[in-house]
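Structure in structure tokens, see below.
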Amino acid sequence: MKFLDQAKIYIKSGAGGNGCVSFRREKFIEYGGPDGGDGGCGGDVIIEAVQNLNTLIDFRYQQHFKAERGIGGAGRNMTGRDGHDCVIKVPVGTQVLDADQQTVLADMTTPGQRTVLLRGGNGGWGNARFKSSTNQAPRHANPGEPAKEAEVWLRLKLIADVGLVGLPNAGKSTFLAAVTRARPKIGDYPFTTLHPNLGVAQIDGDEYVIADIPGLIEGAHEGHGLGDRFLGHVERTAVLLHLVDGTQDDPAQAYRIVRTELEAYGGGLADKREIIVLNKIDALFPELVEEQKKLVEAEAGKSVYTMSGAAGLNLSDILRLLNRFVQEDRAEHGSAPRAALDTGVRRYERGAMPPLPDRQDEFDEDEGDWYTSLDENGEWRP
């Protein structure tokens, strides 16, 4: 199955049904009066996070989603049926962004979580609603509210506890294959990994998810190599495992390049807890291992650990160290998945108009819609 972590879709809510103009006319019954029913409400466009999906590949083949319009009212005070909602199912960890790809409309981090993206139009009133002592035979009814349309982007940010970062060929995929049952592609050439991989590691009765992303190179934030587009998949992690190839001539520079790219990307990655590991020590003499380790420690200003993913050296120690950080994070933030640090989630209330970004609160008569903005807490202000 092809991995796809970004997709653009077009959504449209259902229009409200029209109200009915009708009068009760039965034999031998005088002054029947108006009996036109109301129209039904249009369906909503709802997005739902589900567990059995891990890619957005389905949206490669279907981009348009429409809710059903409400049914119009009828005589004898019969109200039209509401339109069926359109439910869009996405993987857990998916963010919904506006057309500008900057404003986050929803962050789906919990299985079963639902968010209404577009509300259906209200149904129009039938003429029975307008009868009064001064207007006993109204001959008008309201039309249903029109449908609403929008273009949104879906961006998948994987749910994981540990993120692997490093230059290409640092041994990230080898480590993932050694400590989990994942089987990523492994090769002796750069950029063997072309899309993120997940694996579940187990140690001392605990388990946690490790995410492996394609390697970074110098200038990745400017689009060099595969760029930094995959760094979003480690935004939600509790700790980063930074692998440095010990067989390089200058491991300190390798560490410095990756740290520079993390800082340029933003999203709080540079501030995350980090474990630095010198990899591939099975290919070095013990004296050279110590020398390379000291170079990286001088550059990073913190302790550096050593291991070999291919030979299986010190893997248990690294897993226990990662598990300690993961358990501390879970004790602090709970067992629920961590939200990405740069998201401002808007929460919608039933019956409220959906917001559009970068507008003040006002009603646009030309487009017939309400505009609103986020408050200082990043939540939608009704």
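All values below were derived from every heavy atom in this structure, side-chain atoms included, with hydrogens, water molecules and symmetry-related copies excluded.
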If we only count heavy atoms from C-beta on, is the L278 to T306 side-chain gap below 4.5 Å? yes
Exam field: side chain K12 to backbone V45, donor-acceptor pair closer than 3.5 Å: no
Candidate pair I210 and L164, rule side-chain contact (heavy atoms from CB on, under 4.5 Å), full reasoning: CA-CA 7 Å; I210 301 176; L164 300 180; 3.7 Å; yes
With S308 as partner, the option from T174, N279, D282 fulfilling side chain to side chain donor-acceptor pair (under 3.5 Å) is D282
With rounding to the nearest 0.5 Å, note down the distance linking CG in L4 to CZ in R60. 5.0 Å
Is a salt bridge present between E274 and R259, judged by a nitrogen-to-oxygen distance below 4.0 Å? yes
Give, for atom CD of Q327 and atom CG of D206, the distance between the pair rounded to the nearest 0.5 Å. 4.5 Å
With ring centroids as reference points, do Y208 and F325 lie under 6.0 angstrom apart? no
For residues 120-144, which residue pairs qualify under salt bridge (Lys or Arg N to Asp or Glu O under 4.0 Å), counting only residues two or more places apart or in two chains? D38-R129
Atom CZ of residue position R76 - does it have more than 12 heavy atoms of other residues, nucleotides or ligands inside 6.0 Å? no
What's the separation between atom CD in Q113 and atom CE in M108, rounded to the nearest 0.5 Å? 4.0 Å
Test of understanding: clusters of I, L, V, M, F, W, Y form through side-chain heavy atoms closer than 4.5 Å, transitively. Do V239 and M307 belong to the same one? yes
Rounded distance [0.5 Å steps], CD1 in I213 versus NE2 in H195: 13.5 Å
Do the side chain of N18 and the main chain of G144 share a donor and acceptor less than 3.5 angstrom apart? yes
Measuring only between side-chain heavy atoms, which start at C-beta, is I47 closer than 4.5 Å to I11? no
Please lay out, stage by stage, how V200 and T180 fare under the test side-chain contact (heavy atoms from CB on, under 4.5 Å). CA-CA 5 Å; V200 179; T180 72; 5.6 Å; no
Can you confirm whether I257 sits close enough to Q253 that some side-chain heavy atom of one is under 4.5 Å from a side-chain heavy atom of the other? yes
CG of L158 to CG of N197: how many Å apart, nearest 0.5 Å? 9.5 Å
Spell out, as yes or no, whether a donor-acceptor pair under 3.5 Å connects the side chain of T237 to the backbone of L240. no
Looking only at side chains, do E235 and Y265 share a donor and an acceptor under 3.5 Å apart? yes
How about K8 and E151: do any of their side-chain heavy atoms sit closer than 4.5 Å? yes
dist E290:CD -> L295:CG (nearest 0.5 Å) comes out at 11.5 Å
Is the count of non-hydrogen atoms from other residues, nucleotides or ligands lying under 6.0 Å from E218 atom CD greater than 12? no
I'd like to know whether CG of N52 has more than 12 heavy-atom contacts from other residues, nucleotides or ligands below 6.0 angstrom. yes
Do we see a donor-acceptor contact under 3.5 Å between the side chains of Q62 and D58? no
Using only atom types and a distance under 3.5 Å, with no angle test, would you say the side chain of E145 pairs donor to acceptor with the backbone of G16? no
Geometric class of the H140/F130 ring pair [parallel <30°, tilted 30-60°, perpendicular >60°]: tilted
What do the steps show when you test E68 against R81 for side-chain contact (heavy atoms from CB on, under 4.5 Å), and what is the final call? CA-CA 10 Å; E68 185 184 19; R81 177 178 60 81; 3.0 Å; yes
State plainly whether one hydrophobic cluster holds both L321 and L241, where clusters connect Ile, Leu, Val, Met, Phe, Trp and Tyr through side-chain heavy atoms under 4.5 angstrom apart. yes
